[in-house]
Amino acid sequence: MKRGLAPIIATRLAALYKRMDEAYTASSASLGLSCEGCPDNCCETFFQHHTYVEWAYLWEGLRALPQATQQAIAQASEDWVRRHQNPILPGVRPRVMCPLNLGEEGQGRCGLYAHRLMVCRLHGVPNELIRPAGPRNPSGQRAAFPGCERAQELGKTCTPLVLDRTPLLTELARLEMDFVGRERMRKLPRVDLTLAEMILAGPPKI
């Protein structure tokens, strides 16, 4: 069954995304980090996403686009998947522009900027995650990520504000549970999809 987002879930996710954007802005400002002129376009990076609630929210945005734009995005998604399945150099992941990128007509902007997923919002700045304590992790393990190459270079001359992903991911996990339901969570397969695959698959079937 294809299931849309309840308004309360969509509102909570939009509020969480706002918190993510604010945290990213604070961290990037501490570095003086900007994507302008960067040769390493993050929109060509291979990202996978892992929540049904974000998948559904992405489709809320897709449905609101003009039909012609939806068709163009679907075609770009097919091309994206095909090029990754059949790379020119075997074993080397190709750099392919995200199917949501509007290209020259949109000056390279994301066609669903307000609906972009967590990974797209937080990538680039130095960040950390404190994993929950448990039998295998009694004291809580800290995982640190240095940020993109430009952020690492800028960080050599200043003290960056490290983005703490822990409360953001905790709230996203709550939203996922509220959207899917505890019983369904035990039965559904884990989400490991790229944006292109989420687009071609249609809204999540839960």
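Because the structure is predicted, anything quoted here is derived from the model rather than measured.
With a 4.5 Å cut-off on side-chain heavy atoms, K18 and D21 do not count as touching. V125 is not listed as a side-chain neighbour of L161, based on a closest heavy-atom distance of 4.5 Å or more. Between L117 and V119, every side-chain heavy-atom pair lies at or beyond the 4.5 Å cut-off. Side-chain atoms of L31 and P160, non-hydrogen and from C-beta on, do get closer than 4.5 Å to each other. The shortest distance between side-chain heavy atoms of N127 and L122 does not fall below 4.5 Å. With contacts defined as side-chain heavy-atom distances shorter than 4.5 Å, the pair I8/D178 does not qualify. Residues L172 and M118 are in side-chain contact: their nearest non-hydrogen atoms beyond the backbone lie under 4.5 Å apart.
Considering every non-hydrogen atom in both E176 and V53, the closest pair reads OE1-N, 2.8 Å. In this structure, S30 and C158 approach most closely via the heavy-atom pair O-SG, 3.8 Å. In terms of heavy-atom proximity, C38 sits nearest to R150 at CA-NH2, 3.3 Å.
No continuous path of ILVMFWY side-chain contacts below 4.5 Å connects L102 to V96, so the two sit in separate hydrophobic clusters. L200 and V191 are assigned to two separate hydrophobic clusters, defined by single-linkage of ILVMFWY side chains at heavy-atom distances under 4.5 Å.
Atom CD of residue E60 and atom CG of residue L13 lie 10.0 Å apart, to the nearest 0.5 angstrom. In this structure, CG on L175 lies 9.0 Å from OG1 on T51, to the nearest 0.5 angstrom. Rounded to the nearest 0.5 angstrom, Q48 CD and L193 CG are separated by 7.5 Å.
Judged purely by atom type and a 3.5 angstrom limit, R184 uses its side chain to pair as donor or acceptor with the backbone of I206.
Ring planes of F46 and H84: tilted class, angle from 30 to 60°.
A ring pair (Phe, Tyr, Trp, His ring centres under 6.0 Å) check over residues 17-41, counting only residues at least two apart or in different chains, returns the pairs Y17-Y57.
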